[in-house]
Novice: 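Take this structure first; my questions come after.
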Amino acid sequence: MLRAKRAEVLANNMANADTPGFKARDFDFEAVLNRETGDIPQLRTTRPRHIRTDAGPVPQALLAYRVPNQPSLDGNTVDNQLEQVAFAENAMKYQASLRFLDGKIKGLLTAIKG
Amino acid sequence: MSIFKILDTAATGMSAQNMRLNIVASNMANADSVSSSIDETYKARRPVFKALLDEVNPGVASGGVRMAGVVESKAPLVREYAPENPLADKDGYIFRPNVNMVEEMADMISASRSYQNNVEVANTAKQLLLATLKLGQ
């Protein structure tokens, strides 16, 4: 569901396409995925009073700012075309992940039902 | 679920652009509203957008956009000599609003494109959500 998170970040960029001073953000999907599935130990928070090291699957430190390829007068760095392409790409990959998961579930169901 | 949040984000974008269109319409409708004094004359309005901040991490933008307010343009008003106009002051001058039609048209197109962009985002999010619901069927 990391794809959903990325779609959320990109949607926020597009909603703020006309906000002065807004800086577009994104994260490197592979880097975050490796961090989640890799061997790097994570701090577990099992009680509400435990201090969380980060909020959600993508910590603020990994949410990078986009480098604009042309400056704008109001300090906004959202490039609508770029965001749209990134959003579409992310949506396709989300559907691809769904297809894989769907195949797995169907395979299991076939094995159960015979 | 974060996909529901995308729908909310797109909705804030649509509502902000809608208000911007509303302001453009008001400016254009009042482009010819003359009056007899500077204070009474309609001044062009501009929306001010602001990014919504995260509840857990204030200082981080997430969750869309909102209108922080409306400001009036500081551009000088047009003073015109028209003694036959019933609204003319004692020297025979009327004041026209500082609405720039070309600027308003460009603003309108920009607002409409941004609105469409947000609609597209909401549509895609809806499709993804429906695809997720159909998982395993």
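All values below come from the heavy atoms of this structure, side chains included, with hydrogens, waters and symmetry mates left out. Numbers restart at 1 for each chain; the letters A, B, ... are given by sequence-line order, proteins then strands.
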Novice: Of all of N13(A), V9(A), T19(A), I105(A), which one pairs up most often with chain B through heavy atoms under 4.5 Å apart?
Specialist: T19(A)
Novice: What are the two closest non-hydrogen atoms of R20(B) and D18(A), and how far apart are they?
Specialist: NH1-OD2, 3.0 Å
Novice: Could you look at A10(B) and say if it's the side chain, the backbone, both or neither that has a heavy atom under 4.5 Å from chain A?
Specialist: neither
Novice: For the CD atom on E84(B), are there more than 12 heavy atoms of other groups (residues, nucleotides or ligands in this structure) within a distance under 6.0 Å?
Specialist: yes
Novice: Shortest non-hydrogen contact from V78(A) to E83(A)?
Specialist: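 Between these two residues, the closest heavy atoms are CG1-CG, 3.9 Å.
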Novice: Closest heavy-atom contact between N16(A) and G64(B)?
Specialist: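 What the structure gives for the nearest pair is ND2-O, 3.2 Å.
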Novice: Taking NZ, NE, NH1 and NH2 as the nitrogens, is one of them in D79(A) or R66(A) under 4.0 Å from a carboxylate oxygen of the other?
Specialist: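 Salt bridge absent between D79(A) and R66(A).
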Novice: Can you list the residues of residues 113-128 of chain B that sit under 4.5 Å from chain A, counting heavy atoms only?
Specialist: S114(B), N117(B), N118(B), V121(B), T124(B), L128(B)
Novice: Would R79(B) and Y93(B) count as a cation-pi pair here, with the cationic atom under 6.0 angstrom from the ring centre and within 45° of the axis?
Specialist: yes
Novice: Could you check whether R3(A) pairs with E89(A) (Lys NZ or Arg NE/NH1/NH2 to Asp/Glu carboxylate O, under 4.0 Å)?
Specialist: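 Looking at R3(A) and E89(A), the cut-off is not met.
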Novice: With no hydrogens and no angle check, just 3.5 Å: does a side-chain donor-acceptor pair link N27(B) and Y42(B)?
Specialist: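 Yes, a side-chain donor-acceptor pair sits under 3.5 Å.
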Novice: Give, as side chain, backbone, both or neither, the part of L10(A) having an atom under 4.5 angstrom from any heavy atom of chain B.
Specialist: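 For L10(A), no heavy atom lies under 4.5 Å from chain B.
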Novice: Pick whichever of K106(A), K104(A), Q84(A), R99(A) has the most heavy-atom pairs under 4.5 Å with chain B.
Specialist: Q84(A)
Novice: So which residue, T12(B), L135(B), V48(B), ends up with the most heavy-atom pairs under 4.5 Å with chain A?
Specialist: L135(B)
Novice: Among A7(A), G21(A), A88(A), G103(A), which has the most heavy-atom pairs under 4.5 Å with chain B?
Specialist: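 Option with the greatest count: A7(A).
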Novice: When you look at CG of D74(A), are more than 12 heavy atoms from neighbouring residues, nucleotides or ligands closer to it than 6.0 Å?
Specialist: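 Yes, CG of D74(A) has more than 12 neighbouring heavy atoms, counting only those of other groups under 6.0 Å.
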